[in-house]
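One structure is given below, encoded as structure tokens.
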Amino acid sequence: MVEEKRIALKNSGLINPESIDEYINAGGYTALKKALAEDVSKVVEELTAAGLRGRGGAGFPTSIKNKAAADFCSDCEKYIVCNADEGEPGTFKDRIIMETDPHILVEGMIIAAYGIGAGMGYVYIRGEYYTSISRIKKAIEQAYEKGFLGKNILSSGFNFDLEIKLGAGSYLCGEELTLLESLEGKRGYPRIKPPFPAEKGLWGKPTLINNVETLANFPAIILNGGQWYRSIGTEKTPGTKIFTISGDVNAPGFCEVPLGVKLGDLINDIAGGTTNGEPWKTALLGGAAGTFVPYSFANIEMDYDKLKAHGATLGSGAVIVIGSDKPLIPTLQNILKFFKHESCGKCVPCRLGTNYIYEQSLRLTNEKPQGRSLLLDDMIKQAQIMAKSSLCPLGQSPILPIESINTHFREQLLNE
Amino acid sequence: MDTQEILNKFKPTKDNLLPILHSLQDNNPQNYLTDEALRATAKHLNISLSSVYGVVGYYTMFSRKPRGKYVIRFCTSPVCSLMGSINVLDFFSQRLGIAIGETTSDGIFTLEESECLGRCSKAPAMMINKQHYVNLTPELIESIIQQLKNS
Ligand SMILES: Cc1cc2nc3c(=O)[nH]c(=O)nc-3n(C[C@H](O)[C@H](O)[C@H](O)COP(=O)(O)O)c2cc1C
Ligand code: SF4
């Protein structure tokens, strides 16, 4: 039986999210006090010991990004940005953190800012997340009142201001460099990498960008030490992860569990098994920019590397379960429509390609197996071309769901 | 609040463009951005009108067309579709007598499709203005319509 282990969600559902006093009574802001009493280098040190990897989808080692931003220059203006644009279909973990325990994010951001020497931070929240926006707004106000934000925080000499900025309905703005464009008040067109944000980010200044869930782990890591964090989860991916499970299961919802959890256990123990009681047909892991996996993956341990070795992704932690009685083509079409809609149109391979593969997927419905076979091959070829020639990761993503569904479910797609 | 009052709440720096647009739209009873408001915004931020239009056109939450008092954002993303959102959306659309993207002639409802709203564990889901509604069925839609019409 899988049991939850809550770190980022430790207060979720247990305290009033609009009360800073309840957060403090639950041990809140003691990590900040501890961090401020120690040398700034300690933050990166603990993150390195912890082995925390970014929870926004890519799983990049958090300490490396933090160190790069910390080391880039010592006396220059720097920024920290929290990516709260959560738009990956099937994902709602950041919303749960912000709605149920906004202070854990605020505290995590102050600690991160101290570690890199940032004087200003932004939480970029997707515009539709009204409750998250109002909770974070309130948490920021309360943190100012208590002296956790502003000038000379807790008499440490460290100054840090924090503000909210809103997205306005663009999935692409969740991509970190595009997010910076949007923060600057522009259209969300991606920037070319390099330079990386740690060197040249917001307004050309060194910037650290981390996901909500990533930052929500900072207080516990500082408080209990990186070694403690590393003892949880798997060797390559320490810690816990929030999974959001949806689709044809009895108890859809969210949970925070140690990495390395088996997919089948997530679906059975946490989400109550499938609605029709039969083995599930597929789970789509990581949302639209994710991968379809078959039932035979039930025993694979979920961490970034183990899934990758099997051609799958962990991504944002979305687990979308499709039952044995459901067809797959409609979901594939839906995903491809999503990419078509969210393509910004800046580069030709993605602008034309997302349209083309969506149109081809629509033709699947009325074709016989032979025709479907040709269509699938063509879609894969196009998605491969896009993966090679598109300017940003969005155009490089459609290959993930298409290739994985084709690998595991080609027969089904031809005959359903 | 009139346009100028809203603009005066924001420092005239370009990074405030999106917050200003949100605020202007939220304060418009027809949930849209008027040309007059956009001209005033360009002037306030000292940027070109075309760059303001460019930003407005890029982001799906902004509208330059008048919309209903209630803007419905109906989620049709993978999870909601899997859980039957299309049937409920069809019912909604027939019941209001409008297609997606249209506004009812009495100016009360605008029906829009939306990408994932992050309510996947209670699919199908939608938002109406700032409120979200989950586990949607035709019966629930019927009662929401009645409730909003009477309010
Ligand atoms: C199209 C696209 C959308 C993305 N959306 C999000 C998002 O909504 N939230 C997020 O944290 N990361 C998102 N990412 C990943 C970010 O680019 C980036 O890797 C992340 O914010 C880094 O934070 P982390 O290291 O803490 O994970 C997206 C990436 C792409 C390509
Ligand atoms: S890959 Fe797609 S989303 Fe990215 S820049 Fe090109 S057109 Fe825009």
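Lettering follows sequence order; numbering is per chain, from 1. Every heavy atom of this structure was used, including side-chain atoms; hydrogens, water molecules and symmetry mates were not.
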Contact class of A:Val249 relative to chain B, heavy atoms under 4.5 angstrom | neither
Under a 4.5 Å heavy-atom cut-off, does chain B meet the side chain of A:Thr244, its backbone, both or neither?
-> neither
Name the one of B:Leu17, B:Leu18, B:Val55 that satisfies side chain to side chain contact (heavy atoms under 4.5 Å, CB included) with A:Ser182?
-> B:Leu18
What part of A:Pro89 lies closer than 4.5 angstrom to a heavy atom of chain B: side chain, backbone, both or neither?
-> both
Worked verdict on B:Asn129 versus A:Tyr130 for side chain to side chain contact (heavy atoms under 4.5 Å, CB included) = CA-CA 10 Å; B:Asn129 294 353; A:Tyr130 293 106; over 6 Å; no
Turns out that what part of A:Leu183 lies under 4.5 Å from chain B's heavy atoms comes down to backbone
Which bit of B:Glu113 is near chain A, if near means a heavy-atom gap under 4.5 Å: side chain, backbone, both or neither?
-> side chain
Please look at B:Arg119 and chain A and tell me whether the side chain, the backbone, both or neither of the residue comes under 4.5 angstrom of a heavy atom of that chain.
-> both
For each of A:Asp248, A:Thr331, A:Ile164, A:Ile335, tally heavy-atom pairs with chain B at distances under 4.5 Å, and name the one with the top tally.
-> A:Asp248
Side chain, backbone, both or neither: which part of A:Phe254 has a heavy atom under 4.5 Å from chain B?
-> neither
Find out whether B:Met61 and A:Leu166 are in side-chain contact, i.e. whether some heavy atom of one side chain is under 4.5 Å from a heavy atom of the other.
-> no
Is B:Lys122 atom NZ crowded by more than 12 heavy atoms from other residues, nucleotides or ligands, each under 6.0 Å away?
-> no
Between A:Gln333 and chain B, which part of the residue has a heavy atom less than 4.5 Å away: side chain, backbone, both or neither?
-> neither
Is it the side chain or the backbone of A:Glu184 that comes within 4.5 Å of chain B heavy atoms, both, or neither?
-> backbone
Against chain B, label A:Lys326 side chain, backbone, both or neither, depending on which of its atoms sit under 4.5 Å from a heavy atom there.
-> side chain
Taking all heavy atoms of A:Gly188 and all of B:Tyr58, pick out the closest pair and write down the distance.
-> O-OH, 2.6 Å
Given a strict heavy-atom distance threshold of 4.5 Å, which part of A:Leu328 is in contact with chain B: side chain, backbone, both, or neither?
-> neither
Let me know if A:Asp94 has heavy atoms under 4.5 Å from chain B in its side chain, its backbone, both or neither.
-> neither
Any idea which of A:Lys93, A:Glu88, A:Arg126 has the most non-hydrogen atom pairs under 4.5 angstrom with chain B?
-> A:Arg126
